[in-house]
Structure formats: C-alpha cells, structure tokens
Number of protein chains: 2
Amino acid sequence: MTEVKRTGQHVRSRLSRARVLQTAVAVADQGGIGALTIRTLAQELGVKPMSVYYYVLNKEAILDGIVDNVFSEIVLPRVGADWRAEMRRRAHSVRTVLGRHSWAIGLLESRPRPGPATLRHHDAVLGTLRSAGFSREMTAHAYALIDSFSYGFALQEASLPFEAQHIVADGSEPDATLFTDDQYPHMAAMVSEHYVQPGYRFSDEFDFGLNLILDALDATLSVD
Amino acid sequence: MTEVKRTGQHVRSRLSRARVLQTAVAVADQGGIGALTIRTLAQELGVKPMSVYYYVLNKEAILDGIVDNVFSEIVLPRVGADWRAEMRRRAHSVRTVLGRHSWAIGLLESRPRPGPATLRHHDAVLGTLRSAGFSREMTAHAYALIDSFSYGFALQEASLPFEAQHIVADGSEPDATLFTDDQYPHMAAMVSEHYVQPGYRFSDEFDFGLNLILDALDATLSVD
DNA sequence: TTCCGCTTTCGTACTATGTATGGTAACGTC
DNA sequence: GACGTTACCATACATAGTACGAAAGCGGAA
C-alpha cells in the first residue's frame, strides 16, 4: 500500500495538509460532498482514518479548506488591465470552476470565514475595479452585482432539473408530465417552445446576463 | 406530552406530512441544517424517530420537501400586472425568505427535482414576463438573470464574513488582522474606507443591482 | 361486546460517521 | 544505541439514518 522509502528519503505518499485537501476535493468531485467522509478520504490517501487528524483540526476545517482550494482555481483578474475583459474572464472562470466542483456552491452558505485564496481573489477583483476608475461606492456595487450573478448562475446550473443530456439522451421524455401539466401553463409553453428547442442551452444565458451587467456598469463610468 | 383525544376526535398533535415538514423547517431555522436530524425532528414533534417515516420516504425527501416549503413562502408575481413592480416585489421576497431560511440556499445545489410550490413559482415568473411583452428568448434571458442575481445575492449574504453585528457588537475588531494585512491592500482599503463606514450595509447593494438589471431589461422592451 | 382489519406509531438493532484518547513506529540527533 | 519529536494508527464511543417487524389505536361488522 505505502511506498518504498530509502534511508531518510520518503519516495512518495507522504501525508500533508495540501494532499489531504486535494484528495478531499477529488473525492467530492467524484461522489458528491456526501461521499466525503473521513474514512473514504483516508482510504483514498492510503492511510487510516485517524491519520488525517494530524493535518486537520476536524471535518469542518476540511470543508473550509476545500472551499478555499476551489477558489484558488479561479483565475485572478489583473489589476490595471482592461476591466471588462478581466471581469469577463474571471466570471467565466467562476462559472467553470464552480461547475466542476458544484458541491462547493452548497458549502458557501455556512462558511463565513474565507481562506487565503479567497481573500487574494477578492482583493484582485476589488483592485481591478478600483483601478478602472470606479469609485469606492460603485466598486462595492459592481462587486456585489457581478458576484451575485456569477454564484447564482452556478447555483442554478447545478440544480437544473432538465439538462440537454437528460432531454437528448433519455429516449422517454423526462418528467414531461410535470411540465406539460395544465397547472403550469406558462412553464409548459416555455419548455416545449423554447427550452427543449434544438439550439437552446441554458449555459448560454450566462453571457447575456454578464454582458448586460458589464454594459450597464460601463455606462456609469462614462457618465462619471 | 401528547394531547387528550376524545372518542374518534383527535384534539391536536396528529402527525402529517405537512406537520413534519413545517417542524423540520423550524428546526433548521433554529439550529441550522445540521441540527435537523430524524431524532431531533421526532422530539420536536413529540413522537419517536421511526414515526416520521410513515409520512416521508427518507431524509432526502424531507430535504426536498422543506426546500419546496421555503419556495412556497416567496410571494408570487401577478401575471399581467406591471412587470417591473412584480419582479421587484418577488426578488425582494426571494431575498427575505432565503435570508430567513439561509440553510435552504445550500440545499438548492443538489436538489434538481423541484416541488409543486417551486414549479408554481416559476410558472408565475415566466407568465409575468411573457405577458409583459418579452419574447420567449428575452424571457429566458431575463428569468435566468434575475434569478441568478437573487439567489447569488442571498448566498453572499449568508456567507458574509463581516456583519454589522460583528463589527459593532464585538469590542475587539473582528479579524481585522486579516483585512489590514498588507497581502490584501485593495481589500483592506475598501474595508476600512467603505465597508465598515457607518452608513454602509451590504443589504443595500441588492436594490442597486436589481434596479440596474430591471432598467436594462426594460430598455430591451422599448427597443423591441 | 367482541372481533377484525386498517392506519398509525414505535422498539430494537444494524451500519456508518466524526472524533477523543492514548498508543506505537519511524527518524533525526547526540 | 538512547531519546525526544514527528507522523501515523487501534480502539472505542456517541450520534446518525433507517430496515424490520411488532404493537397500539381505530372503525365497523357480527
């Protein structure tokens, strides 16, 4: 199970906080956050359960840690560069990363203590907006708005009841009964006439919303 | 503990799916979602643990159910009425309700099967937008945008690291070290010069973002 | 009243999980 | 080689969800 080690030299498989967190992310990615238990984590690490407690205080600390790990995957906007391009790049990164680790979205609500990567991230966003000429007030506005949209979009994507896959892959219409139901006429109409239409992908809504927001924010800059 | 019952008449405390879910919401509101266990729930219902399984398939079903219960608290937009007023009213309701039951935000990600209240809700939103004159395409855009913002804002509020309470009530500055740190200069500046300033409340950002979004959506209507 | 069958509630017990407590093994240093 | 420090682990306990099947309450039929 463990690796060979030579005099004073560990060849591999040395535990560390970083390895614990990385592996925890991998486990959650694979089986959802519910699959992340101390025991599965230890197994994946090739180690016995109690060993992980040498590197982490408790499971809560692991959750805090992996959320911060996820944040570290998000691309940092470059302070001083064109703010729209940077904000767009970052927003797309948020969506991609939170899509890859959708369990992290659910963890956000209940984790009020940000880690270093999270702070570094926020710092870069604020810096980019400020250096673009936004006032402190407008920076706060823009920051809350862009993040709300990005997180909320990721949250919606994670909980989508119908996905292209379902609809296409599933021979039988998926819960069509639910939507075709007369109880929800507008929904039924939108689903049949728009959402399930060939070209439609919910993910495309991201760019629409983001552009609308960035345009409107941009407008406040030139007025100012 | 249980109530008196007369011949054929139960005076109170009869279990039911509705009562189970209501109580579950109450328990989660009080102690967080972590406090919601079958045993605490049963206790609160004045019943033994296994009794709740007569009304619910399993704990997952309870979680699905309470999320739908939360949605039922959100005010429905009135189809046909002034869409901006209705959307604003609904968005505020979303924020209020999700603020009251912030554990529900974390549950959303992982619960792709909406309940009846949720569907009714979405139906009303879609109907309101459609009857306001938005095309199907624009309705889909607007719907995704408004909801992303609302959910995301609630999510951010739930995970705010600094709250007026903390800052005011806590004699000792709360983790001021974190923010004053030179590592995060822009953040430190924004915190000290804006966020902790007397008049500032994060919750006010909601109206800014919402107005910006509604204005921009409105503009597409008149152009059309 | 007694019996019966249905609905509702519960007792017991098994498995999984987080983790407290205190080992034990490995390793660098003298 | 002895020893303190670091890294890992064995055991055990409290708490979780819930399978399984029994019991208790009820309305009506006999």
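Each chain gets a letter, A, B and so on, in the order its sequence line appears, and its residues count up from 1.
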**Asked** What is the distance, rounded to the nearest whole Å, between atom OH of A:Tyr53 and atom C1' of C:dG22?
**Response** 16 Å
**Request:** Quick one: list whatever passes ring pair (Phe, Tyr, Trp, His ring centres under 6.0 Å) with A:Tyr54, sequence neighbours left out.
**Result:** none
**Asked** Is the side chain of A:Ser93 donor-acceptor paired with the backbone N or O of A:Val75 at a distance under 3.5 Å, no angle test?
**Response** yes
**Prompt:** Will you find, in the side chains of A:Tyr200 and A:Glu205, an N or O donor that is under 3.5 Å from an N or O acceptor?
**Reply:** yes
**Closest non-hydrogen atom pair, B:Glu157 against B:Ser203** = OE2-CB, 3.5 Å
**Request:** Answer yes or no: does a side-chain N or O of A:Arg39 lie under 4.0 Å from OP1 or OP2 of C:dA16?
**Result:** no
**Item:** Over all atoms of both residues, closest heavy-atom pair of A:Leu21 and A:Ile66
**Value:** O-CG2, 3.6 Å
**Complete:** Taking five pairs at each terminus, the helix from C:dT1-D:dA30 to C:dC14-D:dG17 shows an axis bend, to 10°, of 30°
**Message:** Distance alone, cut at 3.5 Å: any donor-acceptor contact between the side chains of B:Ser148 and A:Gln156?
**Reply:** yes
**Request:** Compute whether any side-chain donor of one residue and acceptor of the other, for B:Thr128 and B:Glu86, lie under 3.5 angstrom apart.
**Result:** no
**Message:** Contact list please: residues 54-61 of chain B against DNA chain D, heavy atoms, distance less than 4.0 Å, in numerical order.
**Reply:** B:Asn58, B:Lys59
**Request:** Output the single nucleotide from D:dG17, C:dT17, C:dG11 whose closest atom is nearest the side chain of A:Thr37.
**Result:** C:dT17
**Message:** Without decimals, in angstroms, what is the distance between A:Leu45 CG and D:dC9 C1'?
**Reply:** 14 Å
**Asked** A:Met50 has a side chain; which of D:dA7, C:dA20, C:dT9 sits nearest to it?
**Response** C:dA20
**Prompt:** Which ones in residues 20-29 of chain A lie close to DNA chain D, meaning a heavy atom under 4.0 Å from one of its atoms?
**Reply:** none
**Prompt:** Can you say whether the rings of A:His92 and A:Phe206 are parallel (under 30°), tilted (30 to 60°) or perpendicular (over 60°)?
**Reply:** perpendicular
**Asked** Rounded to the Å, how far apart are A:Ile38 CD1 and D:dA16 C1'?
**Response** 15 Å
Atom pairs and distances, side-chain donor-acceptor, residues 34-46 of chain B, under 3.5 Å, sequence neighbours left out:
unit_1	atom_1	unit_2	atom_2	d
B:Thr37	OG1	B:Arg39	N	3.3
B:Thr37	OG1	B:Thr40	N	3.0
B:Thr37	OG1	B:Thr40	OG1	3.2
B:Thr40	OG1	B:Ala35	O	2.8
B:Thr40	OG1	B:Thr37	N	3.0
B:Thr40	OG1	B:Thr37	O	3.0

**Request:** Rounded off to whole Å, could you give me the CG-to-C1' distance for the B:Leu15 and C:dT9 pair?
**Result:** 9 Å
**Item:** A:Ser51 side chain near D:dC9 phosphate (N/O to OP1/OP2, under 4.0 Å)
**Value:** yes
**Prompt:** Salt bridge check: are A:Asp123 and A:Arg120 linked by an N-O gap of less than 4.0 Å?
**Reply:** no
**Fill in**
residues 96-123 of chain B vs ring-ring contact (aromatic ring centres under 6.0 Å, His included), sequence neighbours excluded, gives B:Phe71-B:His121, B:His101-B:Trp103, B:His122-B:Tyr143
**Asked** How long is the line joining CZ of B:Arg19 and C1' of C:dT9, in whole Å?
**Response** 13 Å
